[in-house]
Amino acid sequence: SLTERLQQTFKKLRGQGVLTEKNVSDALREVRRTLMEADVNVIVVKQFIDNVKTRALGQEVLGSLTPELQMVRIIREELTALMGEETVPLQIAPSGPTSVMLVGLQGSGKTTAAGKLARLYQKQGRNPMLVAADVYRPAAIEQLRILGEQLEIPVFSMGDQVSPVDIARAAMKQALKQGHDFVVIDTAGRLQINEELMEELARIKASIQPTEILFVANVMIGSEVVNVAKTFDEILDLSGVILTMLDGDARGGAALSIRSVTQKPIKFAGTGEGLDALEVFHPDRMSNRIIG
Amino acid sequence: IASNRKIDEELLEELEMILLQADVGVQTTLKLLDRIREVVKERGFDDSSQLEGILQDEILTILDGSESRLHVGPERPYAIMVLGVNGVGKTTTIGKLAARLRQEGHSVLVAAGDTFRAAATDQLDIWCQRAGADLIKGSQGADAAAVVFDSIHAARARKADVLIVDTAGRLHTKKNLMAELEKIGRVMGRELEGAPHEVLLVLDATTGQNAIQQAKQFNEIAHVTGIALTKLDGTAKGGIVIAVREEVGIPVKLIGIGEQIEDLRDFDAAEFVEALFI
Ligand SMILES: Nc1nc2c(ncn2[C@@H]2O[C@H](COP(=O)(O)OP(=O)(O)OP(=O)(O)O)[C@@H](O)[C@H]2O)c(=O)[nH]1
Ligand SMILES: Nc1nc2c(ncn2[C@@H]2O[C@H](COP(=O)(O)OP(=O)(O)OP(=O)(O)O)[C@@H](O)[C@H]2O)c(=O)[nH]1
Ligand SMILES: [Mg+2]
Ligand SMILES: [Mg+2]
């Protein structure tokens, strides 16, 4: 693990007498490599290392009898500062139905997450409704309809010939009328560079003013996540993130990159294909997973 | 000469950034930059403007190869198995591939080997209708290997040229799901000599270093013969395929450049390498 390797590095260094700036730089190279191999974007890594370096070159480390322990403590503190301290709950609407809109790249797990979220709040005693606003992907509506059927949660759909903006608007009217206090809107996957489709999301937002807009991202995503997340955030002002496929073995540096570039909270983790596989996201657990 | 040395190091750092941002990965990037340094030493280069060209050549050497084309072999039916983790674009790629093979004059049968995910068969059904391919499906929750078994016999009976087998997305960390995949492969080999004749691993171009693990694990289970790299119409460069080729030896054969039926291309290594540096 990084902790063990840092301890080994510093043990060797201490044998050479006083710890120098160069020693700390060498140790930081180890940290840099660890984060990069964990898929943290190289720019995000640079910023992180700079923050750590500023502290590591102070008396905290250089003047300490146990520099490796100070180093590890600083790294953990900086990671926590970046990832966030505690879990952040889903906002509940002050009046009327709470609406959650899911957005993201193709195949990131949005439709599945929609089912999972609706299920989570159903278990908490709410009366959820799912909204099939993906009119593009073949059988997307059918996919959500089946999930709703499995969960015994109603799915609002107007077929695939109606615009997602109109579907979302009509869905919220229906939710209010039928007393659904929790509405999850599934949207089609799209590239952040597709202006027309990003504009469509902005129009859905303007039309229904969702309580939450959650960016759904596959945790195994690489460097480009910074540009993707940044664009989605700039256009929609995301309220949070869902990271999916945490049941795999991707180290998940994407979590750090997303946090660094958007400052938005990661609220949930998808941990499997089943509809119960959704957990509240724990930032500290993710930090441990990234640095290994 | 001393000042040119300095320029080289700065330029090498710039190139390093480009490679890392393109998901080439730390190890592969270091190897590539070391090789450039060697070339520069050997040839006594002092012209920095040529560094990027040397780097592109090095990557091209790794990626190129005559075996990087998807050919329909002489076997009938020619069986293509498509696998990969969740959401990467397997079903969509099959739809595109079936359409292309139809256009080339082949009769195509598709097996709905994803019997698990909601509406997987409905999705594939729509693609097959668009492509002009027949579809063999089982009932929801049916044994995937049984559907594949049926499809091989149907392909023979209907004298289909090509059989394409869709499988459910699965994380390579799930032992039981990988075992199911292995079983599907065995059933194919038992019912049809040499099948699967082509094993396509679908990788999403946005994937980071985990793609290498995916390639290794899937290759262990089902000797992968080629990669279909999808979503290259996005901003991710898919640099992970360089390490996959170097470490696992699997060539990229196809790329996905969109969500429409015509958005499938043969892999062009030169174009791909050029795009890394844009
Ligand atoms: N293992 C695992 N698989 C997941 C998870 N979340 C979703 N999936 C799977 O990932 C695949 C894609 O999920 P979808 O919900 O269809 O993704 P999507 O974002 O709606 O896709 P598009 O609508 O095409 O953009 C499916 O096979 C899901 O079962 C997860 O947390 N873990
Ligand atoms: N932009 C873009 N989207 C793609 C491409 N290939 C597939 N997609 C989209 O990616 C999403 C997932 O595609 P699928 O074909 O369902 O992926 P899959 O691997 O079969 O997913 P599972 O069966 O759930 O594991 C869909 O929204 C597709 O339209 C591509 O080349 N470019
Ligand atoms: Mg979907
Ligand atoms: Mg599929």
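Letters A, B, ... are given to chains in the order of the sequence lines, protein chains preceding strands, and every chain is numbered from 1. Since the model is a prediction, treat every value here as computed from it, not as a measurement.
- Contacts of A:Asp247 with chain B are made by both backbone and side-chain atoms, with heavy-atom separations under 4.5 Å.
- One distance of note links CD of B:Gln213 with CE of A:Met220; it measures 11.5 Å at 0.5 Å rounding.
- With rounding to the nearest 0.5 Å, the separation of CG in B:Leu20 from CE in A:Met36 is 4.0 Å.
- Between the side chains of A:Asp249 and B:Asn210, a donor-acceptor pair is found at a separation under 3.5 Å.
- Heavy-atom distances place the side chain of A:Gln192, and not its backbone, under 4.5 Å from chain B.
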Worksheet item: Yes or no on side-chain contact (heavy atoms from CB on, under 4.5 Å) for B:Gln21 and A:Glu224, after CA distance, side-chain angles and deciding distance?
Response: CA-CA 7 Å; B:Gln21 300 266 44; A:Glu224 201 53 28; over 6 Å; no
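- When all heavy atoms of B:Met17 and A:Val42 are compared, the closest pair comes out as SD-CG2, 3.7 Å.
- Between the CD atom in A:Glu142 and the CD1 atom in B:Ile126 there is a gap of 9.0 Å [rounded to 0.5 Å].
- Only the side chain of B:Val85 comes within contact range of chain A, with heavy atoms under 4.5 Å apart.
- When atom types are taken as modelled, the side chain of B:Asp122 and the backbone of A:Ala139 share no donor-acceptor pair closer than 3.5 angstrom.
- Only the side chain of B:Leu30 comes within contact range of chain A, with heavy atoms under 4.5 Å apart.
- When each of B:Gln123, B:Glu16, B:Gln27 is scored by its heavy-atom pairs under 4.5 Å with chain A, the top score falls to B:Gln123.
- Summarising the geometry of B:Ala118 relative to A:Leu147, their closest heavy-atom pair is CB-CD2, 4.0 Å, with the distance given to 0.1 Å.
- Each of A:Val228, A:Val225, A:Ile221 was checked for a side chain to side chain contact (heavy atoms under 4.5 Å, CB included) with B:Thr206, and the lone residue meeting it is A:Ile221.
- A:Arg137 contributes atom CZ, which lies 9.5 Å from atom CD of B:Glu259 (distance to the nearest 0.5 angstrom).
- The part of A:Leu105 that comes within reach of chain B is its side chain, from C-beta onward, which places non-hydrogen atoms under 4.5 angstrom from that chain.
- Within the 4.5 angstrom heavy-atom criterion, no atom of B:Asp125 approaches chain A.
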Item to complete: Mind running side-chain contact (heavy atoms from CB on, under 4.5 Å) on B:Arg117 and A:Thr112 for me, showing each step along the way?
Response: CA-CA 10 Å; B:Arg117 206 209 68 214; A:Thr112 310; 5.8 Å; no
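- The distance from the CD1 atom of B:Ile240 to the OG atom of A:Ser223 is 11.5 Å, given to the nearest 0.5 Å.
- In terms of non-hydrogen atom pairs under 4.5 Å with chain A, the most contact-rich of B:Lys174, B:Lys237, B:Gln214 is B:Lys174.
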Discussion item. With side-chain contact (heavy atoms from CB on, under 4.5 Å) as the criterion, how do B:Asp204 and A:Gln106 come out once you've worked through the C-alpha distance, each side chain's angles and the decisive distance to 0.1 Å?
Written reply: CA-CA 10 Å; B:Asp204 184 328; A:Gln106 292 89 346; over 6 Å; no
